[in-house]
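This report refers to the structure that appears directly beneath it.
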Amino acid sequence: MSDSFNIDSAEKISGVVEKIKYQNDQNGYTVAILKSGREHITVVGVLPFVSEGDNLKLSGKFVVNPSYGNQFSIESFEHQLPKTAATILRYLSSGIIKGVGPSTATRIVEKFGDDTLDIIQNHPEELSIIRGISKEKALLISKEYSKQYGVRDIMLLLSPYEVTLEKCIKIFKRLGTDATYLIKENPYILCDSSINLKFELVEKVAHDFGISSDNHNRLEAGIIYILRENLLNGHTCLPRHKLLCVAQRLLESNESRINNICDNMISQFKVISEKIDNTDFISLPEYANAERYISVRLSATKENLTSICKIDDLEIEYLENKLGIKFEQLQKQAIKDSFDTGILVLTGGPGTGKTTTLNAIIKLFEMRNLNISLTAPTGRAAKRMSELTGMESMTIHRLLEVEWTDEENSKFARNEKNPLECDVIIIDEASMIDSLLFESLLRSLKLSCRIILVGDADQLPSVSAGNVLSDIISSEKFPVIRLRKIFRQKNESLIIKNAHAIINKTPIDFSNSNDDFFILKRHSSSEVCDTVVELCSERLPKAYGFDSLKNIQVLCPSKKLDTGTLNLNNLLQQYLNPKKANQPHMSYKGVYMRVGDKVMQIRNNYEVSWIKDDGEIGTGVYNGDVGFISDIDMRAGTLKVRFDDRTATYITENIGELELAYAITVHKSQGSEFDCVIIPIIDVPSQLRYRNILYTAVTRAKRLLIIVGNENIVTQMADNDKKTLRYTLLKGYFDEV
């Protein structure tokens with residue numbers, strides 16, 4: 001058996017693996033000593049399933065590591081299995097096969113000699129004649145041995161397409177020992193959500209394997225691909241006519257063929273079709289099922305808890321006297337509705353008294369000895385909620401006790417069979433909750449649990465697919481209290497005044513008359529970039545004592561163009577954390593990351609391990625978490641990121657889940673507040689000149705907001721009340737209940 005990877009290299013060496021000094025089981029990164037003739041050479045690189053005693057042919061180049069000296073950096077390798085009894089014994093004794101240690105290896109090799117590996121692979125039942133090996137253990141040994149070859153075969157098949165070891169292992173776990181056969185028959189099986197290779201990549205594989213462009217597997221995979229890609233735009237479904245129009249262009253197929261394929265997928269429940277307002281929508285099953293469940297569950301909660309628990313004016317008056325405050329009418333109504341109904345939405349802009357109202361609701365529920373849980377979609381939002389209420393708040397993922405299945409998929413320990421104990425749940429920053437997460441949360445609640453959703457309905461919707469808060473409000477099925485009166489006007493804050501001006505369609509105050517809201521007018525993208533860098537690196541730290549990384553956040557409407565996050569992150573990194581000689585670094589798609597860099601996690605990963613300052617160990621980092629790179633070990637292929645009070649360890653394969661975060665998109669800033677926010681506004685694409693983008697950005701600032709750019713574009717954004725379009729089924733499902 002030979003493993004070969006077709007990567008051009010300058011030098012080749014061969015020899016026997018004398019010692020494994022380090023090996024990462026997840027990504028195969030290995031540091032080993034290779035005996036080549038009379039030389040002992042340190043080799044580093046990806047060597048999956050290699051053990052001491054293996055004969056290898058390596059391609060790569062010799063490099064000088066500043067810390068470890070001369071090394072051979074591996075670009076490709078060929079692996080020859082041991083053939084003699086002596087080399088097989090050393091191979092098996094290394095522990096390469098789970099369940100086979102030195103003593104077991106000795107007994108097996110003494111019995112079967114040079115035929116040992118053939119027996120293990122093809123005749124495992126014969127192993128059971130050896131003392132200490134049952135039939136069950138014999139099959140397990142063979143399975144573990146075959147697993148290595150199964151993964152190796154997949155790597156060989158897919159190596160021209162740069163499919164990672166981690167993906168190859170996932171493919172093997174999903175498809176088993178017949179994986180290569182199944183892939184050759186239908187490469188589009190690799191698009192399955194449990195494997196999730198990109199459709200464009202699988203297209204290359206299919207082309208090389210001679211799969212017809214009209215193959216039904218290809219057309220089905222293309223339709224699923226379009227639906228999954230649009231999840232990234234927030235859509236849980238698409239109008240059928242739009243979906244099929246895009247599919248015809250992408251797949252270069254005719255309308256009749258695509259329609260027939262879509263009908264077949266509907267009949268096989270691969271996609272779900274729903275008619276809402278005389279329009280046919282197509283959705284992935286998990287999203288249609290989630291939104292159907294949300295609509296039914298909320299409606300049931302409303303019906304079951306209406307008027308069970310009342311509160312009167314005397315109790316509210318008692319609380320006013322105790323707290324020394326006077327509630328305005330809408331606040332009183334919110335307090336009453338939280339008791340009178342099973343569902344309440346409490347919304348309003350900054351300074352309108354949401355926190356005061358919420359604290360009153362909490363105290364009154366506590367007076368009735370009800371068990372209350374506080375939660376929010378992100379760690380930062382949960383932490384802020386704890387600070388404002390004085391009660392423990394945690395992320396939804398932590399509340400639901402996220403865990404891993406054997407198939408490496410995430411699930412929640414809390415569900416219908418193991419519900420949360422709370423009588424009341426209060427969910428802050430509810431505009432950030434996507435459909436799948438909200439479904440999981442609802443499944444964890446007792447039917448008698450009251451649900452209070454707190455958020456700002458004028459902000460952007462969730463990063464992930466769905467429009468939960470907006471759909472609940474627009475359904476008009478549940479009580480909604482929108483607080484409007486501004487209470488928090490410390491020093492006549494222009495941040496708060498202008499935030500409400502944006503929402504109320506009144507002129508923004510650009511006078512720079514206060515010390516917390518400024519516009520610095522610039523006439524070109526280059527001037528804006530220069531000013532942003534100067535503010536972050538010099539002017540603001542000097543004038544306000546701000547830490548450039550911890551107190552200041554640049555928020556951009558988009559990733560692209562000159563004033564997008566990609567370019568500004570590159571510029572800000574150069575000034576705030578410049579490259580130093582011999583400094584460890586890692587790169588992903590041309591972006592270099594160094595110790596000290598500010599980074600953001602861009603997708604949920606429940607597997608990344610972390611340790612807290614108090615020694616608590618756990619796993620899981622989530623979309624939007626911001627931290628700082630604290631260590632990079634290039635030899636081990638690991639990177640550590642400090643997130644508040646915990647340090648997470650990333651392997652090489654997961655580096656792509658991090659982005660530089662000196663500048664982040666407005667969408668990614670949801671649920672967070674920053675002492676100082678800088679917003680570059682000059683080359684904003686027309687499709688992003690929305691009021692809710694500007695409003696969300698402005699309301700992220702606590703002490704200081706600076707807009708750098710063109711005042712006219714700011715005004716255009718404030719005037720454009722068209723909300724970001726999201727296709728969902730939820731509101732339609734509410735209408736049916």
Next on the checklist: Tell me whether Asp675 contacts the main-chain N or O of Arg703 through its side chain, where contact means a donor paired with an acceptor under 3.5 Å.
Outcome noted: no
Checklist entry - Are Gln601 and Glu657 linked by a side-chain donor-acceptor pair shorter than 3.5 Å? => result yes
Checklist entry - Hey, would you say the Phe643 and Tyr622 ring centroids sit under 6.0 Å apart? => result no
Item to check | Charged tip of Lys497 within 45° of Phe517 ring normal and under 6.0 Å | outcome: no
Checklist entry - Just wondering, do Asn551 and Cys676 contact through their side chains at under 4.5 Å, heavy atoms? => result no
Checklist entry - Taking 4.0 angstrom as the limit, do Lys485 and Glu328 come out as a salt bridge? => result no
Checklist entry - Passes salt bridge (Lys or Arg N to Asp or Glu O under 4.0 Å), Lys542 versus Glu534? Steps please. => result CA-CA 11 Å; Lys542 184 177 180 180; Glu534 184 184 4; over 6 Å; no
Next on the checklist: Can you tell me if Glu401 has over 12 outside heavy atoms packed within less than 6.0 Å of its CD?
Outcome noted: yes
Item to check | Side chain to side chain, Leu469 and Ile473, heavy atoms closer than 4.5 Å | outcome: yes
Item to check | Charged N-O contact under 4.0 Å between Arg691 and Asp719 | outcome: no
Checklist entry - Does the ring of Tyr733 carry Arg292 above it, NZ/CZ under 6.0 angstrom from centre and within 45° of its axis? => result yes
Checklist entry - Only one of Tyr662, Phe628, Tyr592 forms a side-chain contact (heavy atoms from CB on, under 4.5 Å) with Asp597, so which one is it? => result Tyr662
Item to check | Derivation and outcome, side chain to side chain donor-acceptor pair (under 3.5 Å), residues Ser524 and Ser526 | outcome: CA-CA 5 Å; Ser524 69; Ser526 61; 3.1 Å; yes
Next on the checklist: I want to check something: taking the side chain as every heavy atom from C-beta on, are Val641 and Met600 in contact at a cut-off of under 4.5 Å?
Outcome noted: no
Item to check | Nearest heavy-atom neighbours spanning Asn577 and Gly596 | outcome: ND2-C, 3.6 Å
Item to check | Min side-chain heavy-atom separation Val554-Val677 under 4.5 Å | outcome: no
Checklist entry - Just by modelled atom types, is the Leu494 backbone N or O under 3.5 Å from a matching donor or acceptor in the Asp516 side chain? => result yes
Checklist entry - Does CG belonging to Asp277 count more than 12 external heavy atoms closer than 6.0 Å? => result no
Item to check | Backbone of Ser431 reached by a side-chain donor or acceptor of Gln459 within 3.5 Å | outcome: no
Checklist entry - Between Val698, Asn692, Thr696, which is the residue that forms a side-chain contact (heavy atoms from CB on, under 4.5 Å) with Ile502? => result Val698
Checklist entry - Taking Glu229 for the side chain and Tyr225 for the main chain, is one N or O donor matched with an acceptor at less than 3.5 Å? => result no
Checklist entry - Can you check side chain to side chain contact (heavy atoms under 4.5 Å, CB included) on Val532 and Leu568, steps first, answer last? => result CA-CA 8 Å; Val532 169; Leu568 278 171; 4.2 Å; yes
Checklist entry - Given the rule in the side chain to side chain donor-acceptor pair (under 3.5 Å) test, do Asp456 and Tyr695 qualify, once you have shown the distances and angles that lead to the verdict? => result CA-CA 10 Å; Asp456 191 336; Tyr695 175 75; 2.4 Å; yes
Checklist entry - Sub-3.5 Å donor-acceptor pair from the side chain of His500 to the main-chain atoms of Pro350, do we have one? => result yes
Next on the checklist: Does either side chain, that of Asn504 or that of Thr506, offer a donor lying less than 3.5 Å from an acceptor on the other one?
Outcome noted: no
Item to check | Greater than 12 external heavy atoms within 6.0 Å of Lys521's NZ | outcome: no
Next on the checklist: Checking Val454 against Asp428 for the side chain to side chain contact (heavy atoms under 4.5 Å, CB included) test, could you report, in this order, the C-alpha distance in whole Å, the side-chain angles of both residues, the deciding distance, and whether it holds?
Outcome noted: CA-CA 5 Å; Val454 183; Asp428 199 15; 3.7 Å; yes
Next on the checklist: To the closest 0.5 Å, what do you measure between CG (Leu330) and OG1 (Thr357)?
Outcome noted: 9.0 Å
Next on the checklist: Can a donor-acceptor pair be found, under 3.5 Å and without considering hydrogens, that links the side chain of Lys383 to the backbone of Thr378?
Outcome noted: no
Item to check | Exercise: identify the closest heavy-atom pair between Ala376 and Ser393 | outcome: N-OG, 4.5 Å
Next on the checklist: Is there a side chain to side chain donor-acceptor pair (under 3.5 Å) between Thr531 and Arg522? Walk through the geometry before answering.
Outcome noted: CA-CA 9 Å; Thr531 302; Arg522 298 295 184 267; 2.8 Å; yes
Item to check | Validation row: Met717, Ile681 side chains within 4.5 angstrom (heavy atoms) | outcome: yes
Next on the checklist: Under the criterion side chain to side chain donor-acceptor pair (under 3.5 Å), I'd like the reasoning laid out for Gln716 against Tyr690: C-alpha separation, chi angles, the key distance, then a yes or no.
Outcome noted: CA-CA 8 Å; Gln716 287 177 24; Tyr690 290 142; over 6 Å; no
Next on the checklist: Between Thr352 (side chain only) and Gly349 (backbone N and O only), is there a donor and an acceptor less than 3.5 Å apart?
Outcome noted: yes
Checklist entry - So, Asn359 side chain and Leu388 main chain: donor-acceptor pair closer than 3.5 Å or not? => result yes
Checklist entry - Would Arg297 and Glu291 pass as an ion pair if we require N to O under 4.0 Å? => result no
Next on the checklist: Any heavy-atom pair between the side chains of Tyr575 and Glu538 that's under 4.5 Å?
Outcome noted: no
Checklist entry - Is a salt bridge present between Asp625 and Arg646, judged by a nitrogen-to-oxygen distance below 4.0 Å? => result yes
Checklist entry - Would you say Lys702 has more than 12 foreign heavy atoms packed within less than 6.0 Å of its NZ? => result yes
Item to check | Check: Asp562 main-chain N/O paired with Asn567 side-chain donor or acceptor under 3.5 Å | outcome: yes
Checklist entry - Under the criterion side-chain contact (heavy atoms from CB on, under 4.5 Å), which of Thr728, Thr236, Ile294, Leu729 is the partner of Asp471? => result Thr728
Next on the checklist: Donor-acceptor check, side chain of His397 to backbone of Phe412, threshold 3.5 angstrom: yes or no?
Outcome noted: no
Checklist entry - Checking side-chain contact (heavy atoms from CB on, under 4.5 Å) against Ser338, which of Ile481, Val424, Ile361 comes through? => result Ile361
Item to check | Verdict with supporting geometry, Leu346 and Leu453, side chain to side chain contact (heavy atoms under 4.5 Å, CB included) | outcome: CA-CA 6 Å; Leu346 178 62; Leu453 296 157; over 6 Å; no
Item to check | Check ion pair Asp337-Arg450 (N to O, under 4.0 angstrom) | outcome: no
Item to check | Verdict with reasoning, Tyr293 to Phe438, per ring pair (Phe, Tyr, Trp, His ring centres under 6.0 Å) | outcome: CA-CA 10 Å; Tyr293 180 83; Phe438 194 50; 9.5 Å; no
Checklist entry - If you look at every heavy atom in Val621 and Ala648, which pair is closest and at what distance? => result CG1-CB, 4.1 Å
Checklist entry - So Thr563 and Cys529, side chain to side chain contact (heavy atoms under 4.5 Å, CB included) or not? Walk me through it. => result CA-CA 6 Å; Thr563 61; Cys529 290; 4.0 Å; yes
Checklist entry - Hey, mind stepping through Glu392 and Arg398 against salt bridge (Lys or Arg N to Asp or Glu O under 4.0 Å) and telling me if it holds? => result CA-CA 12 Å; Glu392 181 185 15; Arg398 184 181 167 202; 3.7 Å; yes
Next on the checklist: Any heavy-atom pair between the side chains of Val708 and Ile679 that's under 4.5 Å?
Outcome noted: no
Item to check | Trace of the salt bridge (Lys or Arg N to Asp or Glu O under 4.0 Å) decision for Lys598 with Glu659 | outcome: CA-CA 9 Å; Lys598 186 177 184 179; Glu659 287 183 352; over 6 Å; no
